[in-house]
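What follows is a short report on a single structure.
A quick note: this is a predicted structure, and the numbers were derived from the prediction, not measured. As the structure lists them, so they are numbered: ligands from 1, and atoms in each ligand from 1.
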Amino acid sequence: MLIDGIDGLENIVAAETVLSEVDGQAGRLIIRGHSLDELAGKVSYEAATRLLLDGFFDDLPADLAPALGAARAAVFAEVAYVDDRLLALTPIEVMRALTARIADGEDLDTALRLIAAPAVFTAAAVRRQAGEAPIAPGPTLGHAADILHMLGKHPSGPEAKALDTYLVTVCDHGLNASTFTARVVASTHAGLTSSIVSGISALKGPLHGGAPGPVIEMLDGIGAPGNARAWIEAALDRGDRLMGFGHRVYKVRDPRADALKKAVRLLGEGSNVLPGRLAFAEAVEQAALGILKDRKPNRSLQTNVEFYTALLLEALAFPPTAFTCVFAMGRSAGWIAHAREQLADGRLIRPQSRYVGPRPKAAA
Ligand code: ACO
């Protein structure tokens, strides 16, 4: 672990990684030697996962799809343990609780079960909360197609392609809050389940992966393009943050926003509803960017991944309460790869805090 500086958390380099680089000045994301453009919409989630895991497991198969399908089928047994108390919680709390039932380990089987878990448990939670029976996975389907199948939707066609594009787009992203959390826990050798459950917990917050649900609330609250300015000004006057805008690292537009906007546009071809919704969202985005620029001229607050995530997942008919779970379905591969990379490094992550409180009188 390297410590570059102590002046601000932004300057602390807490890990070296071969997995991804987020260039916040250029607005570029590299995932294991490939630009996001080379991967999103071009390779499957299974292929992106294999790319991330390559070199971290001796027994990694050349084609990950059958093994990931088998892992989905294996974890489905846990769905039987959803009870009424769990069902009263949010989908991500249900999914996290079921994920925590997977035995801890550091091997490939455990890893694949944990990558499969958010997909299988979210689909089951969403269906149970809608009063419907869970649907068992189809292990021979692709991962994205099977998610739609488990939700009772059509597993082929443009929806599966759009979801696959989304999962690849968010599969890894440097040392974000949830990945850092997952690495810290991995570094203690607690096991991959502990690591991924911690990652899910960090992702859940609205400043990280919990933003896309509130993006839909914002769009619904605005209602029509002509209301955008007044609604946004009032929200900022109250001290609210605009969900889907701003990023700790990106000072220019988040490249994932455009990858997802493209996926929404492709999905919208042939639909009567989606092009209008997209045009509305673009109008809100433009209003928000203009107002943020006026109000915070010294900050560069740009559209982040969550804005078009919201639109895409809404178009795929996920309930907004489950949007963060879908993020976890994609990010689980990145968390596992980072956890294994941390284990290979072998060191416990143990940063220092700087004490700024009072000294005991005797020592003063
Ligand atoms: N809306 C309004 N103002 C904002 C926003 C926003 N979305 N984001 C930042 N600001 C303002 C802050 O109020 C602050 O103003 P100040 O300097 O006058 O105090 C300034 O911009 C800088 O804010 P910081 O909190 O220092 O920025 P930070 O890098 O810590 O925050 C974050 C990044 C948490 C993503 C922030 O931009 C935010 O809260 N965005 C909204 C939530 C969101 O979209 N989260 C998803 C992020 S992407 C992801 O995690 C996958």
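The closest heavy-atom contact to atom 22 (C) of ligand 1, among the options R299, H173, R241, comes from R299. Selection from L207, T303, L301 by nearest heavy atom to atom 4 (C) of ligand 1 gives L301. Selection from F307, F245, F327, Y250 by nearest heavy atom to atom 41 (C) of ligand 1 gives F245.
At a heavy-atom distance under 4.0 Å, only side-chain atoms of L236, from C-beta outward, approach ligand 1.
Closest to atom 16 (P) of ligand 1 among all protein heavy atoms lies K296 NZ, 3.6 Å. Scanning the protein heavy atoms around atom 46 (C) of ligand 1, the nearest turns out to be H208 O, 3.3 Å. Counting only heavy atoms of the protein, atom 35 (C) of ligand 1 lies nearest to G246 O, 3.7 Å. M243 SD, 3.6 Å is the protein heavy atom nearest to atom 42 (C) of ligand 1.
For H247 and H173, the ring centers sit closer than 6.0 Å to each other. Here the two rings, on F318 and F323, have centers that are 6.0 Å apart or farther.
Proximity of L292 to ligand 1 is established by a heavy-atom distance of less than 4.0 Å. The shortest heavy-atom distance from P214 to ligand 1 is not under 4.0 Å.
Remark: ligand 1 atoms within the under-4.0 Å shell around heavy atoms of A211 are 43 (C), 44 (O), 45 (N), 46 (C). Near P206, the atoms of ligand 1 lying under 4.0 angstrom from a non-hydrogen atom of the residue are 42 (C), 45 (N). In the vicinity of V305, heavy-atom distances shorter than 4.0 Å reach the ligand 1 atoms 51 (C). For ligand 1, the atoms closer than 4.0 angstrom to any heavy atom of E306 are 46 (C), 51 (C).
We find that R229 and E233 are joined by a salt bridge, their nearest charged nitrogen and carboxylate oxygen being less than 4.0 Å apart. Using a cut-off of 4.0 Å between Lys/Arg side-chain N and Asp/Glu carboxylate O, R295 and D237 are scored as salt-bridged. Comment: R256 engages D254 in a salt bridge, judged by a side-chain N to carboxylate O separation of less than 4.0 angstrom.
Close N/O approach between D240 and ligand 1 is not found [any backbone or side-chain N/O within under 3.5 Å]. Residue contacts with ligand 1: R248 is placed with a nitrogen or oxygen under 3.5 Å of a nitrogen or oxygen of the ligand (distance criterion only). At least one N/O-N/O distance between N304 and ligand 1 falls below 3.5 Å. Taking only nitrogen or oxygen atoms, main chain and side chain alike, R256 does not reach within less than 3.5 Å of ligand 1. By the 3.5 Å distance cut-off applied to N or O atoms, G244 is counted among the residues near ligand 1.
V185 and L343 fall into different hydrophobic clusters, where Ile, Leu, Val, Met, Phe, Trp and Tyr are joined by side-chain heavy atoms under 4.5 Å apart, directly or via other members.
Ring geometry for F307 versus F245: interplanar angle of 30 to 60°, hence tilted.
Side chain to side chain, E46 and T49 fail the donor-acceptor criterion of an N or O pair below 3.5 Å. Defined by atom type and a distance below 3.5 Å, a donor-acceptor pair is missing between the side-chain atoms of H143 and D164. Y308 and E285 form a side-chain donor-acceptor contact under 3.5 Å, judged by distance and modelled atom types alone.
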In sequence, state the C-alpha distance, the side-chain angles, and the governing distance for I92 and F121, and then conclude on side-chain contact (heavy atoms from CB on, under 4.5 Å). CA-CA 9 Å; I92 195 161; F121 300 153; over 6 Å; no
